[in-house]
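Single-structure report; data block below.
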Amino acid sequence: MTSTERRIRPAEVERHPGRWLALAVLALAVLLVAVDATVLGLATPYISEDLKPSGNQLLWIGDVYSFVIAGLLVSMGSLGDRIGRKKLLLTGAVAFGAVSVLNSYATTPELMILARALLGVAGATLMPSTLALIRNIFHDPRERSIAVGVWGAMASAGAAVGPVVGGFLLEHFWWGSVFLINLPVMAVLVVVGVKMIPESKNPAPGPWDLISVALSLIGMIAVVYAVKEVAAHGLSWGVAASAVIGVAALTWFVRRQFTLPAPLLDMRLFRNRGFSAAVLADLLTILGLSGLVFFLSQFLQLVQGRQPFEAGLAELPAAVGAVAAGLIAGTVARRYSVRAVVAGGLAAVGLALAALTVLSQSTGYPLLGAALLVVGVGAGFSFTVTADVILSSVPKEQAGSASAVSETAYELGAALGIALLGSIVTGVYQNFTAPAGTPADAAAAAHDSLGGAVEAGAGLPAHTAEPLLSAAQEAFVDGLRLAAGVGAVVLLATAVAAWFLLKGQKLEDGVEHP
C-alpha cells in the first residue's frame with residue numbers, strides 16, 4: 001500500500017454504487033458454506049444409524065471437508081486473483097450445489113466421505129473469493145469494517161439457520177434433505193451475482209504455478225492426516241511417513257515461493273506482525289472450538305434426548321451472540337484497541353469452554369445457553385476484527401491470497417480441532433465398560449460411537465439396554481468435559497498471545513501503526 005493510499009480520507013475514497021447489494025450476494029455464499037457445516041453435526045446421528053460408519057469413518061465424514069478445503073484454499077485464492085474472483089465464485093457456487101446432491105444420496109460411508117471431499121474442492125473456491133471481493137469493492141476502511149462484520153454475521157447466521165432448518169427437515173424428511181437446502185441459495189447467488197458483483201483480479205498476476213498447487217495440497221493434507229491419526233491411533237510407520245512427506249512438501253512450497261517471480265502465495269505477507277498474529281489467532285481459536293461444537297449436537301440429541309429441531313434451537317444463542325458482536329466489532333476496536341477486542345473475545349470463549357467442564361447428563365439449559373451466548377459474542381468480536389486486520393494488511397491486488405491464508409487458518413483449525421478434540425472425546429468414550437450380560441455384537445457396536453450405542457440398545461431388552469446406554473452416555477460426557485477443558489486452555493493461551501502480538505495494531509486507515 002502506498003503512502004498516498006494511506007493518506008486518503010474516507011470522503012475521498014471511490015465508492016462502488018452497487019456495493020451493498022453486491023455484499024448481500026457475497027453474504028449468500030458465506031451462508032451456503034456455513035449452513036452446510038452446521039447441519040452435518042445435527043445429521044450425524046442419522047447418518048450413523050443409516051450408513052453405519054465406524055467411529056473413525058464418522059470422524060472422516062466430519063473433517064474431510066475441512067482437510068480438502070484447507071489444502072486447496074491458497075491455490076484457489078491465487079487462482080481467483082488470476083482468472084477473476086467473480087468468475088471463480090460463481091463457478092464454485094454451481095459446483096457446490098451439484099455436489100450437495102451427491103452428499104444427499106450417499107449410500108455408504110465411503111461414498112459419503114468422497115462426497116464431502118468433493119464438496120471441499122467446491123467450497124475452496126467460495127470463501128477466499130468472498131473476502132477478496134469485499135476488499136476490492138469497499139475502499140473506505142470504515143465501510144469495509146462494516147462489510148466484514150456483515151460477512152462474519154452471515155456466517156454466524158448460517159450457524160443459526162443450519163441447525164434450525166436442518167432440525168425441521170430431519171424431523172420430517174430423511175437426513176439427505178439437509179444438504180439439499182444449499183440448492184436454492186446457490187441458485188439465487190448465481191442469478192443475482194452475475195449482474196450485481198463486479199469482477200476483479202490482479203492486473204499482472206503472472207502464471208499459476210501448478211507445482212506449487214500440488215505441493216500445497218499434498219503438504220496440507222499429509223500433515224493434517226498425520227496429526228489426526230496420531231491423535232486417534234498413536235504413532236506408526238505409515239503416520240510418520242505421512243508427516244515427513246507433508247512437512248517436506250510444505251517446506252519445498254515455502255522455499256519455492258521465494259524463488260518465483262509471481263508466487264502462488266507471497267510469503268512476505270507474514271512479515272507483517274498484525275497479519276501473522278491475526279492468522280494464528282484464527283487457527284487456534286477454531287481449533288479450540290470446532291471439535292467441541294461438532295460433538296455438542298450429539299450431546300443435545302443422544303444424551304439429553306432432544307429432538308433435532310429442539311437441538312437446533314438450543315444452539316441459537318451462539319449464533320445470535322456472534323451476529324450481534326460481528327456487526328459492532330469494527331466500531332468497538334476503533335474506540336478501544338484491536339488487541340483488547342481480540343484478546344478479550346478469545347478470553348471470553350475460553351472461560352465459557354471452561355464452564356462446560358462441569359457438564360453432566362442432567363445439566364440444565366440455562367448454563368448451556370449462557371455458555372453458548374458468551375462463546376458467540378467472543379468469537380464474533382475476535383473473528384471479525386482479525387479478518388479486517390488481514391484484509392487491511394495487504395494491497396487489494398493480493399486480496400485473494402490474503403483471504404485464502406485467513407480461510408486456510410480457519411479450515412485447518414477446524415480440521416485439527418475435530419481431529420484432536422474429537423479424538424479425545426472418542427478415546428475416552430471407547431474405554432467405557434459395557435455392563436455384564438451385554439451381547440458381544442451389541443457391545444462392539446456401542447463402542448464404535450454413541451449413535452451405535454443408541455441403535456444397539458434399541459434391539460435389546462430394556463433391562464439390558466438401559467445400563468448399556470447409560471454407561472455410553474456417561475463416557476461420552478466424560479470425553480466432552482475433557483475436550484472442553486483442553487479447548488479452554490488453548491483459547492486462554494491464544495488470548496494472552498494475541499494481547500502481545502497485536503500491540504499497536506489499528507483499524508483507522510487499514511494499516512499498522514508503530
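For clarity, every value in this text was computed on a predicted model and none was experimentally measured. Note that the numbering runs from 1 along the sequence shown for the chain.
Judged as a side chain to side chain donor-acceptor pair (under 3.5 Å), and not counting sequence neighbours, the contacts of Gln361 are Gln473. Taking Asp478 as the reference, Arg481 meet the salt bridge (charged side-chain N to carboxylate O under 4.0 Å, His left out) condition, with sequence neighbours excluded. Judged as a side-chain contact (heavy atoms from CB on, under 4.5 Å), and not counting sequence neighbours, the contacts of Ala348 are Val374. Scanning for side-chain contact (heavy atoms from CB on, under 4.5 Å) contacts around Ala354 gives Ala488, with sequence neighbours left out. A search for side chain to side chain donor-acceptor pair (under 3.5 Å) contacts involving Thr108 returns nothing, not counting sequence neighbours. For the salt bridge (charged side-chain N to carboxylate O under 4.0 Å, His left out) test, no residue two or more places apart in sequence or in another chain qualifies with Arg339. For Ala475, the side-chain contact (heavy atoms from CB on, under 4.5 Å) criterion is met by Tyr429, Phe432, not counting sequence neighbours. Annotation: side chain to side chain donor-acceptor pair (under 3.5 Å) contacts of Thr130 (sequence neighbours excluded): Trp151. In terms of the side chain to side chain donor-acceptor pair (under 3.5 Å) criterion, Asn103 has no residue partners (sequence neighbours excluded). For Tyr336, there are no ring-ring contact (aromatic ring centres under 6.0 Å, His included) partners, not counting sequence neighbours. Considering only residues two or more places apart in sequence or on other chains, Ala27 meets the side-chain contact (heavy atoms from CB on, under 4.5 Å) condition with Met154.
Across every non-hydrogen atom of Val358 and Thr363, the tightest pair is O-OG1, 4.1 Å. Of all non-hydrogen atoms in Leu346 and Ala495, the two that sit nearest each other are CB-CB, 3.7 Å. Considering all non-hydrogen atoms of both residues, Ala93 and Leu126 come closest at N-CD2, 3.5 Å. Nearest heavy-atom pair, Ser104 versus Gly176, reported as atom, atom and distance to 0.1 Å: OG-O, 2.8 Å. Leu502 and Gly274 get closest at one heavy-atom pair: CD2-O, 4.0 Å.
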Next on the checklist: One pair to check against side-chain contact (heavy atoms from CB on, under 4.5 Å): Leu327 and Thr384. What are the steps and the verdict?
Outcome noted: CA-CA 8 Å; Leu327 292 176; Thr384 303; over 6 Å; no
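Identified under the ring-ring contact (aromatic ring centres under 6.0 Å, His included) test for residues 353-386, with sequence neighbours left out: Phe383-Tyr410.
The distance between the ring centers of Phe476 and Phe299 does not fall below 6.0 angstrom.
Surrounding CD of Glu474 are at most 12 heavy atoms belonging to other residues, nucleotides or ligands under 6.0 Å away.
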